[in-house]
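Written below as structure tokens is the structure these notes are about.
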Amino acid sequence: MTLFGPEDVLGPPRERQALPAGAVHLPGWLSLPEQARLSAEFQMWARGPVPLRAAALPNGGRMSVRTVCLGWHWQPYRYTRTADDVNGQQVLPFPDWLGDLAKAVVREACGATAARTYRPDAALVNHYDAHARMGMHQDKDERTDAPVVSLSVGDSCVFRFGNAQGRGKPHTDVRLESGDAFVFGGPSRLAYHGVPKIFPGTAPEGCGLARGRLNITVRATGMP
Ligand SMILES: O=C(O)CCC(=O)C(=O)O
Ligand SMILES: [Fe+2]
């Protein structure tokens, strides 16, 4: 007889939730050491050559999330080689190991055939403080239909996953926790999604992030 099963330490295992076709949530996909590595890399990415910044919006406002990009620079709403809205520098290259990590997620979520042709070339790395939000939007600046792979580290959040028709219902609220992966591809590739809430102080010990939430979306831009 074992005295303590994993549920006693970690709480009940989280089941995969029913989601629209093409959307897959992989709870606990990353180990704590993998989460800590992403946090450590983030600290370096945030220093530049293009620093972490709250992107300026065409309406004159700024995003509440702060973002640093790899491979291609993203600004609302396009990809460019140089960060012309920040300091004109070229962003850091997209790391092969991050592409391999995302490919493994695609293999699990979408199958071996999808993984074979998956060639990501950019990542948007977002940091949320306790008050940051992301409104409902589509990821539609990419010129490919490759799935988007999202990796989360640090504080938990509500990730609202909707439909491709508009910002309204139906939508599903998923709690994304440190180490979770989420994929949206196929019929859900252009689904609206957003982050209405962060749960401060919920990051697990050992994930490497002192405060806030890190989210990395790996993408295939289709840029030449
Ligand atoms: O933070 C998240 O989970 C989602 C981020 C997102 O939707 C984006 O960067 O486009
Ligand atoms: Fe997005």
Side-chain angles (χ1 to χ4, degrees), residues 17 19-20 22-30 35 38-39 42 45-46 52-57 62-79 91 94 98 101-102 105 109 120-164 166-167 171-186 188-200 202-203 207 209 211-221:
Q17 213 165 321
L19 286 161
V24 181
H25 179 202
L26 303 174
W29 178 258
L30 299 166
Q35 294 167 46
L38 290 175
S39 298
F42 165 66
W45 297 335
L52 189 70
R53 84 347 176 165
L57 294 165
R62 281 195 185 269
M63 292 178 72
S64 60
V65 168
R66 294 186 306 152
T67 309
V68 62
C69 307
L70 305 171
W72 284 89
H73 180 72
W74 179 83
Q75 65 183 89
Y77 294 96
R78 63 203 160 97
Y79 289 99
V91 299
F94 176 73
L98 186 55
L101 196 59
V105 174
D121 62 348
L124 269 64
V125 183
N126 292 318
H127 185 272
Y128 296 74
D129 67 18
H131 307 289
R133 308 270 176 273
M134 194 177 287
M136 295 296 277
H137 67 277
Q138 294 169 296
D139 292 358
K140 61 175 182 188
D141 300 323
E142 298 75 25
R143 301 179 188 173
T144 74
D145 58 7
V148 172
V149 172
S150 138
L151 304 169
S152 295
V153 177
D155 284 341
S156 303
C157 76
V158 175
F159 181 62
R160 180 160 291 173
F161 197 77
N163 62 85
R167 288 187 171 74
H171 60 237
T172 310
D173 281 350
V174 180
R175 185 174 168 120
L176 288 186
E177 296 189 359
S178 196
D180 288 6
F182 195 99
V183 182
F184 43 106
S188 281
R189 175 62 183 79
L190 291 178
Y192 282 82
H193 57 278
V195 177
K197 186 171 176 55
I198 300 290
F199 298 101
T202 53
C207 76
L209 206 64
R211 65 179 66 82
R213 169 174 185 262
L214 187 62
N215 177 264
I216 302 174
T217 48
V218 176
R219 302 152 186 245
T221 64

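Values reported hereafter were calculated over all heavy atoms of this structure, with side chains retained and with hydrogens, waters and symmetry mates removed. Both counts, for ligands and for their atoms, begin at 1 and track the order of listing.
Atom OD1 is the N/O/S atom of D139 found closest to the Fe ion (ligand 2). Within H137, the N/O/S atom positioned nearest the Fe ion (ligand 2) carries the name NE2.
Per-residue contacts place N126 under 4.0 angstrom from the following atoms of ligand 1 (heavy atoms of the residue considered): 5 (C), 8 (C), 9 (O). Residue contact check: D139 has heavy atoms under 4.0 Å from atoms 10 (O) of ligand 1. Close approach of ligand 1 to V195 (heavy-atom distance below 4.0 Å) involves ligand atoms 1 (O), 2 (C), 3 (O). The ligand atoms of ligand 1 that sit less than 4.0 angstrom from a heavy atom of H137 are 6 (C), 7 (O), 8 (C), 10 (O). If you number the atoms of ligand 1 from 1 as listed, the ones under 4.0 Å from a heavy atom of R219 come out as 8 (C), 9 (O), 10 (O). Each of the atoms 3 (O), 4 (C) of ligand 1 lies under 4.0 Å from some heavy atom of F159.
What you find for V91 and C69 is that their closest heavy atoms are CB-O, 3.4 Å. In plain terms, the two heavy atoms of L209 and V153 that are nearest each other are CD2-O, 3.7 Å. When all heavy atoms of V125 and L52 are compared, the closest pair comes out as O-CD1, 4.5 Å.
For the pair R175 and F199, the cation sits on the ring face: its NZ or CZ lies under 6.0 Å from the ring centre, inside 45° of the axis.
Rounded to the nearest 0.5 angstrom, R53 CZ and H127 NE2 are separated by 15.5 Å. Rounding to the nearest 0.5 Å gives a distance of 12.5 Å between NE2 of H171 and CG of L19. Here OG1 of T217 is found 4.5 Å from CG of L124. Values are rounded to the nearest 0.5 Å.
Under 4.0 Å from ligand 1, not a single heavy atom of V65 appears. With a 4.0 Å heavy-atom cut-off, ligand 1 is reached by no atom of T67. Of all the heavy atoms of M136, none lies under 4.0 Å from any atom of ligand 1, so neither backbone nor side chain is involved. With a 4.0 Å heavy-atom cut-off, ligand 1 is reached by the side chain of Y128 but not by its N, CA, C or O.
Looking at N215 next to ligand 1, an N or O pair under 3.5 Å apart turns up.
Ring orientation note: the planes of H25 and F182 are tilted relative to one another, at an angle of 30° to 60°. Using bins of under 30°, 30° to 60° and over 60° for the plane-to-plane angle, the ring pair F161/F159 lands in the tilted bin.
Among protein heavy atoms, the minimum distance from atom 3 (O) of ligand 1 is reached at R213 NH2, 2.8 Å. Protein heavy atom in closest approach to atom 6 (C) of ligand 1: M134 SD, 3.5 Å.
For D145, the CG atom is loosely surrounded, since the number of other residues' heavy atoms within 6.0 Å does not exceed 12.
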